[in-house]
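Along the sequence shown, residues carry numbers from 1. If you're wondering where the values come from, they're calculated on a predicted model, not measured in any experiment.
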Amino acid sequence: MAAVTSISPHPSSSSLYHKFHPSPLAYNLNSNVESNSSCFATKAMKLSDKRKSSSIYRALRIQNAATKQAKTPAEEDWKIKRQVLLEKKVRSVEAKEALRLQNQNKFVILDVRPEAEFKEAHPAGAINVQIYRLIKEWTAWDIARRAAFAFFGIFSGTEENPEFLQSVESKLAKDAKIIVACSAGGTTKPSQNLPEGQQSRSLIAAYLLVLNGYTNVYHLEGGIYNWFKEGLPTESEE
């Protein structure tokens, strides 16, 4: 009688079955590896994006540094300017005292307002050299400044007049007696609300003058506004 070979209907124990049907443990291990790989890939992508963003930020900073101009003396911190004005003994005088000095001591009133404002009305006998002028150039930095002014609804933005000192020197000697004036005047005097005083165009102008060798520089307290308010002599070029 021939021997009958038993064939199992469930080949689950065969090596062939295990080859194509991994165990739950193996499946879990594979899942963990795939999950870790996916997580690693996501982190790598985020790190790459972060590095790209950082590179773009550095490039923008370098570009801004290349287009932005260096700080000028007029843009120096107000505390520094105020300290220099005090050290150089730049006096502030009221409108009536300024008129007396003009008439009796040959002081010249230097009006540093924009030319259009000066022509409209100014103290009698004053001369005009504007410390700020309308932006003229079209460099990347100037375009950016125009945009900044426009953002606040100002479409006639101004810039520091690079010819200010040269223009003053063509009209006034270094030993001339000068009273610098602008619209509001500002002040170097401390107060409860303004412990460092308040900066103004005329004080900036006075600062530039004393830095460049002018020795008799005064400042009009209250500015041209107070001159007009006091009803003092005025002229117009219109």
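- With rounding to the nearest 0.5 Å, the separation of CZ in Phe118 from SG in Cys182 is 14.0 Å.
- When the side chains of ILVMFWY residues are joined at heavy-atom separations under 4.5 Å, either directly or via intervening members, Ile109 and Val210 end up in two distinct hydrophobic clusters.
- Under the 3.5 Å distance criterion, the side-chain polar atoms of Lys81 are left unmatched by any main-chain donor or acceptor of Ala206.
- Taking each heavy atom of Asn226 and Glu94 in turn, the nearest pair found is ND2-OE1, 4.3 Å.
- Counting heavy atoms from C-beta outward, His219 and Tyr207 have side chains that stay 4.5 Å or more apart.
- One distance of note links CD1 of Ile224 with CD of Glu117; it measures 10.0 Å at 0.5 Å rounding.
- With respect to Asp77 and Lys79, no salt bridge is recorded, no charged nitrogen being found less than 4.0 Å from a carboxylate O.
- Residues Ser202 and Gly185 approach most closely at OG-O, 3.2 Å, considering heavy atoms.
- Nearest approach of Arg201 to Pro114, heavy atoms of both residues: NH1-CD, 3.0 Å.
- Contact record, Leu172 with Ala176: CB-CB, 4.1 Å, taken as the closest heavy-atom pair.
- The distance from atom NZ of Lys96 to atom CD of Glu230, rounded to the nearest 0.5 Å, is 4.5 Å.
- Under the 4.5 Å side-chain contact rule for hydrophobic residues, Val112 and Leu101 do not share a cluster.
- A distance of 4.5 Å separates CD of Glu235 from NE2 of His122, quoted to the nearest 0.5 Å.
- Cluster annotation: Ile127 and Phe107 are assigned to distinct hydrophobic clusters (Ile/Leu/Val/Met/Phe/Trp/Tyr, side-chain heavy-atom contacts under 4.5 Å, transitive).
- Other residues, nucleotides and ligands contribute over 12 non-hydrogen atoms within 6.0 Å of the NZ atom of Lys174.
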- Task: Given side chain to side chain contact (heavy atoms under 4.5 Å, CB included), test Ile204 with Gln199 step by step and report yes or no.
- Result: CA-CA 7 Å; Ile204 294 173; Gln199 184 171 231; 3.7 Å; yes
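- In this structure, Phe164 and Ala205 approach most closely via the heavy-atom pair CZ-CB, 3.7 Å.
- In this structure, Arg82 contributes its side chain and Glu196 its backbone to a donor-acceptor pair below 3.5 Å.
- Between Leu194 atom CG and Thr187 atom OG1 the span is 8.5 Å, to the nearest 0.5 Å.
- Counting only distance, with no hydrogens or angles, the side chain of Asn128 and the backbone of Asp111 share a donor-acceptor pair below 3.5 Å.
- Between Asn161 atom CG and Ile131 atom CD1 the span is 8.5 Å, to the nearest 0.5 Å.
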Going by atom type alone, with no hydrogens or angles, which donor-acceptor pairs under 3.5 Å involve a side-chain atom of residues 84-91 and a protein atom two or more places apart or on another chain?
residue: Glu87; atom: OE2; partner: Gln83; partner atom: NE2; Å: 3.2
residue: Arg91; atom: NH1; partner: Tyr218; partner atom: OH; Å: 3.3

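- Val168 and Val180 fall within the same hydrophobic cluster, defined by Ile, Leu, Val, Met, Phe, Trp and Tyr side-chain heavy atoms under 4.5 Å apart, directly or through other members.
- Counting non-hydrogen atoms of neighbouring residues, nucleotides and ligands closer than 6.0 angstrom, the CZ atom of Phe228 exceeds 12 such neighbours.
- Residues Leu220 and Val129 do not share a hydrophobic cluster, defined by chaining ILVMFWY side chains whose heavy atoms lie under 4.5 Å apart.
- The side chain to side chain contact (heavy atoms under 4.5 Å, CB included) check on Leu99 picks up Gln102, Asn103, Trp227, Leu232, Pro233, with sequence neighbours excluded.
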